[in-house]
Amino acid sequence: MTFQRVAIIGLGLQGGSIGLAVQAYLPDVFTTGTDIDPGTRARAAERGLVHKVCDTSAEAAADADLIIFCVPPGAMGPAAADVRASLPAGALVSDVGSSKQAVAKALGEALPDHLVIPAHPVAGTENSGPDAGFAQLFRNRWCIVTPPAQTDLVKLSSLVAFWEALGANVEIMDPEHHDLVLAVTSHLPHLIAYTIVGTASDLEEVTRSEVIKYSAGGFRDFTRIAASDPTMWRDVFLSNREAVLTMLQRFTEDLTALQRAIRIGDGEMLFSQFARTRAIRRSIIEEGQDDARPDFGRADHDATEG
């Protein structure tokens with residue numbers, strides 16, 4: 001792993017966790033970081049999220065050999081433009097965004113003279129901000145790296161080694177395929193969660209106190225997902241709109257089929273569907289991506305993904 005100085009732009013959950021993880025698992029690597037919010041910068045300094053909290057992105061990027069943008073997808077381009085003049089020529093540019101094609105395009109246009117290798121650590125919680133980060137966030141989680149065609153294999157290997165050092169399992173994937181996979185495994189579930197919690201809140205026949213008081217386990221899980229950072233998820237849906245709309249159309253068709261089965265009393269169809277999805281849940285547990293215990297193994301940190 002050849003990186004010696006890592007700059008982190010954005011010191012919320014992801015950026016703060018990267019800073020803490022580098023200090024815990026790569027003690028010889030020096031980290032700088034900044035955030036557009038002065039209050040976040042102050043709190044990041046108090047928590048020691050990075051070795052040096054800088055007032056500007058340009059200051060944080062100076063002398064970096066790896067810069068990681070940990071900002072909402074819609075802010076990637078402007079954030080990258082802020083470091084154009086100060087980022088060393090040989091520095092590798094990466095990110096943690098949940099959509100890869102749009103982010104790669106934004107970073108590449110803002111920093112045309114630098115190699116951009118996007119990455120997406122599929123890890124997070126419903127919490128955000130500088131107090132949300134913790135060093136173990138990426139342990140035994142997947143990090144998907146989406147290099148451009150004919151990339152520098154040495155720098156790609158260094159980026160893979162970096163994420164592996166933080167505890168992640170790394171997968172190399174085409175960016176278009178990444179966006180489709182994440183649309184169904186992450187983006188659509190978040191959209192459904194936001195919708196169902198909003199529907200419950202809007203019901204005139206059910207009071208807000210009843211929604212809170214009588215929440216069953218399934219609804220509580222939806223509220224956990226729906227508590228995720230609204231700015232980030234707004235940008236995720238807009239930046240990955242085509243894949244999300246494709247998956248949403250498929251989901252709508254499947255939902256209509258279930259609606260019809262319930263209306264006509266087709267219990268066989270319902271049972272077949274539920275048995276198939278139950279098997280998928282068991283496979284996720286067998287793969288170590290979740291826990292079968294009632295608290296889902298999230299006693300310390302409720303995990304979600306972006």
Side-chain angles (χ1 to χ4, degrees), residues 98-101 120 122-126 141-142 144 171 173-174 176-228 230 233-234 236-298 302-306:
S98 185
S99 58
K100 295 276 63 99
Q101 293 179 94
H120 175 207
V122 189
T125 77
E126 74 271 27
R141 297 288 178 180
W142 285 102
I144 302 173
E171 181 86 11
M173 192 178 292
D174 174 79
E176 183 177 0
H177 188 65
H178 166 278
D179 287 355
L180 188 64
V181 170
L182 269 294
V184 68
T185 61
S186 176
H187 305 168
L188 184 59
H190 277 78
L191 190 64
I192 294 168
Y194 283 122
T195 303
I196 196 169
V197 174
T199 298
S201 177
D202 291 341
L203 284 176
E204 295 182 359
E205 300 86 352
V206 179
T207 68
R208 180 181 177 87
S209 63
E210 287 174 321
V211 169
I212 296 172
K213 183 175 181 180
Y214 300 118
S215 291
F219 187 78
R220 286 197 299 271
D221 275 354
F222 277 124
T223 62
R224 176 182 59 79
I225 296 172
S228 300
W233 280 100
R234 175 202 63 194
V236 166
F237 291 127
L238 293 178
S239 64
N240 198 28
R241 69 183 71 191
E242 291 188 11
V244 168
L245 288 173
T246 297
M247 290 299 103
L248 186 58
Q249 179 61 38
R250 174 61 185 269
F251 174 76
T252 301
E253 294 169 0
D254 291 343
L255 191 61
T256 299
L258 285 174
Q259 183 180 20
R260 181 178 183 277
I262 294 171
R263 180 183 298 113
I264 67 175
D266 188 350
E268 183 176 345
M269 185 274 188
L270 294 173
F271 181 86
S272 175
Q273 175 74 357
F274 299 160
R276 183 168 65 91
T277 55
R278 186 185 191 190
I280 293 173
R281 168 64 183 170
R282 289 173 174 171
S283 297
I284 290 173
I285 294 172
E286 290 171 1
E287 286 290 325
Q289 292 303 299
D290 211 336
D291 196 295
R293 289 176 291 172
D295 65 358
F296 302 103
R298 302 180 186 124
D302 270 354
T304 183
E305 65 281 328

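Residue numbers run from 1 in the order of the sequence given.
- Between A183 and P189, the closest heavy-atom pair is O-CD, 4.3 Å.
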Please table the atom pairs, donor to acceptor, closer than 3.5 Å between any side-chain atom in residues 240-248 and protein atoms at least two apart or in another chain.
from : atom 1 : to   : atom 2 : distance (Å)
N240 : ND2    : D179 : O      : 3.1
N240 : ND2    : H187 : ND1    : 3.1
R241 : NE     : L238 : O      : 3.0
R241 : NH2    : L238 : O      : 3.4
T246 : OG1    : E242 : O      : 2.9

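- The side-chain hydrogen bond (donor to acceptor under 3.5 Å, both in side chains) check on E268 picks up nothing, with sequence neighbours excluded.
- A distance of 10.0 Å separates NE2 in H190 from OG1 in T185, rounded to the nearest 0.5 Å.
- Closest approach of H178 and S98 over heavy atoms only: CE1-O, 3.1 Å.
- For L255, the side chain to side chain contact (heavy atoms under 4.5 Å, CB included) criterion is met by F251, not counting sequence neighbours.
- From L182, atom CG reaches atom CG of L188 across 12.0 Å, with rounding to the nearest 0.5 Å.
- With sequence neighbours excluded, no residue forms a side-chain hydrogen bond (donor to acceptor under 3.5 Å, both in side chains) with D266.
- Residues I144 and M173 meet the side-chain proximity criterion, which asks for heavy atoms closer than 4.5 Å.
- Under the side chain to side chain contact (heavy atoms under 4.5 Å, CB included) criterion, L258 pairs with M269, L270, Q273, not counting sequence neighbours.
- With sequence neighbours left out, A226 forms a side chain to side chain contact (heavy atoms under 4.5 Å, CB included) with A193, Y194, V197.
- Under the 4.5 Å side-chain criterion, counting only non-hydrogen atoms from C-beta, W233 is not in contact with L191.
- Interatomic distance, NZ of K100 versus CG of L180, reported as 15.0 Å (0.5 Å rounding).
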